Amino acid sequence: MIAEVITDVSAHPVDRPFDYIVPERMEAVIERGARVKVPFGNRKVLGFVTAFKDTSDVPVNKLRPVDELLDLEPVLSTEMLELADWMRETTLCFEIDALQVMLPSALRAKYEKVIHIIRAEQLGEEVARFVGSRKTVAVKEFPEPMLPALKRLAKEGAVSIETAIRQRTAVKKERVLVIAGPEQLDHVHALVKKGARRQAELLEWLQSHAGETIPSRDVMEMTGTTRATVRALIEKGAAAEEQVEVYRKPEVGLLPEAAGDPVVLTGEQADAVGRISASADEGREETFLLHGITGSGKTEVYMQVIRRVLEQGKEAIVLVPEISLTPQITSRFKKRFGPLVAVMHSGLSAGEKYDEWRKIQRGEVKVVVGARSAVFAPFRNIGVIILDEEHESSYKQEDSPRYHARDVAIRRAKMHGCPVILGSATPSLESFARAHKGVYTLLSLTERAKQQPLPEVRIVDMREELKNGNRSMFSVELAEAIRDRLEKGEQTVLFLNRRGYSSFVLCRDCGTAVQCPNCDISLTYHRATERLQCHYCGHEEQVPLTCPECGSEHIRFFGTGTQKVQEELHRLLPEARVLRMDVDTTRQKGSHEKLLRQFGEGEADILLGTQMIAKGLDFPNITLVGVLSADTMLRLSDFRAAEKTFQLLTQVSGRAGRHEKEGEVYIQTYAPEHYAVELAKDQAFEPFYGIEMANRKRFSYPPFYYITLIRFSHEDLMTVSDRAQKAVAWLTDKLGPDSLIIGPTASEVARVNNRYRYQCLIKYKKEPKLAGVLTDLVQIYRNTWMKEGLLMSIDMNPSSIS
DNA sequence: AGCACGCCGACT
DNA sequence: GTCGGCGTGCTC
């Protein structure tokens with residue numbers, strides 16, 4: 001038997017299956033989707049078995065046997081193997097990357113070079129002393145100066161250097177005591193010596209738990225005894241100690257008032273649940289776009305559909321944008337479905353993620369709530385896949401494999417015969433257009449679940465404020481409104497769109513900001529470290545005392561970070577209690593939940609934050625939302641700038657007045673007449689959709705055209721510009737006349753990490769040749785440009801082109 | 001001669 | 001990606 005194996009080597013020339021002989025002893029147990037250890041060149045690597053066959057085209061003398069079978073139970077199903085093929089084709093990634101992304105990182109291999117001692121007497125004094133009596137030693141343990149000696153020893157055959165494969169995180173084991181039966185314990189009683197008070201105490205406790213199995217640690221804790229005592233009784237036969245597999249228990253901070261029980265549905269909600277359930281019952285692969293204004297109760301619809309699916313013995317996947325950012329929604333699922341829910345998010349450790357994954361794999365849970373990668377949850381009988389906030393750009397992975405969770409969800413639904421729900425108050429233009437065309441089924445929720453009116457939204461023209469001499473971050477109106485809430489004991493949420501607005505250091509004399517030495521971008525000032533940082537390459541430096549350009553001492557901080565707003569807020573309203581939520585205050589594990597809980601329990605009057613507070617926040621006492629700078633995003637040179645601004649403003653406004661008290665929203669902007677700002681005021685999605693669609697059509701952008709972005713980078717400006725030019729010329733020649741090729745142009749940030757960046761954009765409606773042409777372009781790249789140090793990457797469906 | 005370094009091709 | 005093989009050029 002021959003196995004086809006995809007090896008754990010992410011590189012072009014080996015992006016294909018390699019044939020291996022399956023040793024007889026493995027033949028009965030090896031399966032597709034299992035991991036194996038195989039010899040590859042002069043080392044051992046991990047690989048995935050993707051197929052079997054009887055004969056190979058490879059010359060027999062080149063074939064080598066599989067070294068070791070790592071999984072008796074395959075880690076990837078045939079569905080997943082097929083899905084990986086599809087991902088390779090649609091995103092142009094390596095097969096191995098597609099396979100790896102579906103598994104928890106704990107299952108990935110870690111390679112370590114070790115030396116095996118063959119003839120200890122030959123080692124020489126120094127090495128021998130270091131090695132001691134060990135048979136194998138990791139190479140990295142040796143001090144640098146000893147390495148040449150090791151090399152020589154390897155050549156002489158006194159030692160061998162090999163790569164060991166280690167699994168990153170193992171199954172967690174715990175010691176348990178299997179306590180003997182009562183008669184046996186009585187028997188032990190006689191053996192305990194008179195003076196052994198501790199043992200007698202412990203034995204008495206054990207007698208009251210005869211026959212049970214209890215974790216050793218718990219036993220010691222409850223009886224106040226130590227290992228020595230326990231061991232003494234084990235020797236006398238009072239109990240046996242065993243190792244059992246356990247799951248790690250991630251800390252789940254359940255938020256207090258997240259409702260657990262199903263609620264009575266509005267007519268619209270009930271209709272949505274009915275239609276989706278019908279589709280699920282019939283096993284139809286239908287995609288629904290659930291368009292519901294903020295506060296219309298989309299989550300309740302999801303949960304009732306899931307309940308129906310569970311009743312049929314099927315499973316459900318719920319995707320939310322970066323889950324640690326929305327503890328409220330996970331709390332609701334945990335409360336509703338209890339132990340049937342697994343949660344997968346970036347806040348979990350590798351071991352915790354692995355444990356959650358195993359629960360899914362073994363069928364111990366039926367619902368998974370997670371971020372993007374949870375779309376690969378290893379369920380076998382999926383009944384529904386849900387993407388909440390489907391317009392969120394975090395569903396697109398920005399590095400290889402550049403997949404979109406929405407596409408994967410729809411693909412998996414096809415294979416399982418089940419519906420997909422795309423939920424949003426502000427759907428992506430792509431999805432809404434598809435719903436209009438009838439590709440997706442549109443379901444609308446137009447009323448708020450608790451019948452509250454939409455909040456009153458006021459747009460504040462900051463140019464007027466400036467004219468009137470108000471140079472602060474707060475307009476007179478907004479400041480007044482905050483003060484008003486403070487007096488009433490109600491809560492305020494202030495939102496700062498930080499992008500392009502962080503603090504930087506500017507010279508007042510020559511007007512330049514301090515730049516990163518490696519990238520064409522200004523450095524950002526970080527209060528916590530009191531240093532300047534580059535967000536692209538990570539470069540860090542001291543804040544200069546004089547301008548590096550002109551030597552002037554007149555340099556000062558400019559721009560607005562959350563810290564600065566907090567200071568200004570304190571000056572304005574010294575009595576207000578402010579909670580700040582941004583990357584700096586939420587870096588610690590669980591701090592996000594903690595801050596939200598504090599705010600929910602009324603420990604602060606004002607919550608000040610960035611993007612991360614725009615979603616999911618749902619507290620009854622919030623009656624005021626302020627957006628400090630609505631239009632910073634509009635300045636981005638990206639075709640989605642207006643869409644993103646509209647979505648963000650609508651989401652943020654939706655945080656106010658979700659319960660009994662009415663809400664009010666202030667949007668401060670320098671572009672009050674922009675349609676994205678004006679229409680967000682009334683959550684007027686359809687009018688916005690109309691205008692934006694017209695613009696997209698005029699400029700040939702999605703959803704009218706598909707786009708593919710090709711990026712190039714090189715240390716030398718001339719080289720990158722020339723190769724990009726050559727690539728574009730080649731594409732123009734090969735692609736059909738209806739495809740538009742834009743560029744090459746220098747990227748928005750033209751240099752990152754001392755590499756110059758160019759890009760070009762292909763726009764097309766139908767281009768059957770595209771896949772083939774791009775594959776050929778990659779061939780050219782591999783054979784020529786890659787060797788000169790050029791990097792080229794292709795994004796088949798970029799969410800942003802800036 | 002002895003080796004450091006960079007380039008190239010192979011990996012079943 | 002990572003290795004060994006091979007050529008070049010430098011030093012003792």
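All values derive from a computational prediction rather than experimental measurement. Every chain is numbered from 1 and lettered A, B, ... according to where its sequence line falls, protein lines coming before strand lines.
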Positions of residues 15-25 of chain A (non-hydrogen atom under 4.0 Å from DNA chain B), listed by number
A:R16, A:F18, A:D19, A:Y20

Kindly state each residue pair satisfying ring-ring contact (aromatic ring centres under 6.0 Å, His included) with at least one member in residues 74-120 of chain A, sequence neighbours excluded.
A:H12-A:F94

Who pairs with A:K726 by side-chain hydrogen bond (donor to acceptor under 3.5 Å, both in side chains), at least two apart in sequence or on another chain?
A:D722

Sequence-distant partners of A:E541, salt bridge (Lys or Arg N to Asp or Glu O under 4.0 Å), two or more places apart
none

Return the polar atom pairs (N/O with N/O) between nucleotides 4-9 of chain B and the protein under 3.5 Å, or none.
none

With sequence neighbours excluded, residues passing side-chain hydrogen bond (donor to acceptor under 3.5 Å, both in side chains) with A:S713:
A:R755

A:F40: which residues meet the ring-ring contact (aromatic ring centres under 6.0 Å, His included) condition with it, sequence neighbours left out?
A:F18

For A:Y706, which residues count as a ring-ring contact (aromatic ring centres under 6.0 Å, His included) partner, sequence neighbours excluded?
A:Y764

Can you tell me how far C1' of B:dT12 sits from CG of A:D67, to the nearest Å?
14 Å

Starting from P on B:dA10, measure out to CZ on A:R782 and report it in whole angstrom.
12 Å

Show the distances under 3.5 angstrom between N or O atoms of the protein and N or O atoms of nucleotides 2-5 of chain C.
residue: C:dC3; atom: O3'; partner: A:N42; partner atom: ND2; Å: 2.6

C:dG1 C1' sits how many Å from A:Q100 CD, rounded?
13 Å

Residues A:Q397 and A:R402: side-chain donor-acceptor under 3.5 angstrom:
no

Just jot down the side-chain hydrogen bond (donor to acceptor under 3.5 Å, both in side chains) partners of A:S739, sequence neighbours excluded, or say none.
A:E767

Name all residues meeting the side-chain hydrogen bond (donor to acceptor under 3.5 Å, both in side chains) criterion together with A:Q361; count only those two or more places apart in sequence or in a different chain, and write none if there are none.
none

In this structure, how many angstroms lie between the C1' atom of C:dG1 and the CG atom of A:D8, rounded?
9 Å

Output all residues satisfying ring-ring contact (aromatic ring centres under 6.0 Å, His included) with A:Y403, sequence neighbours left out; order by chain, then residue number.
A:F376

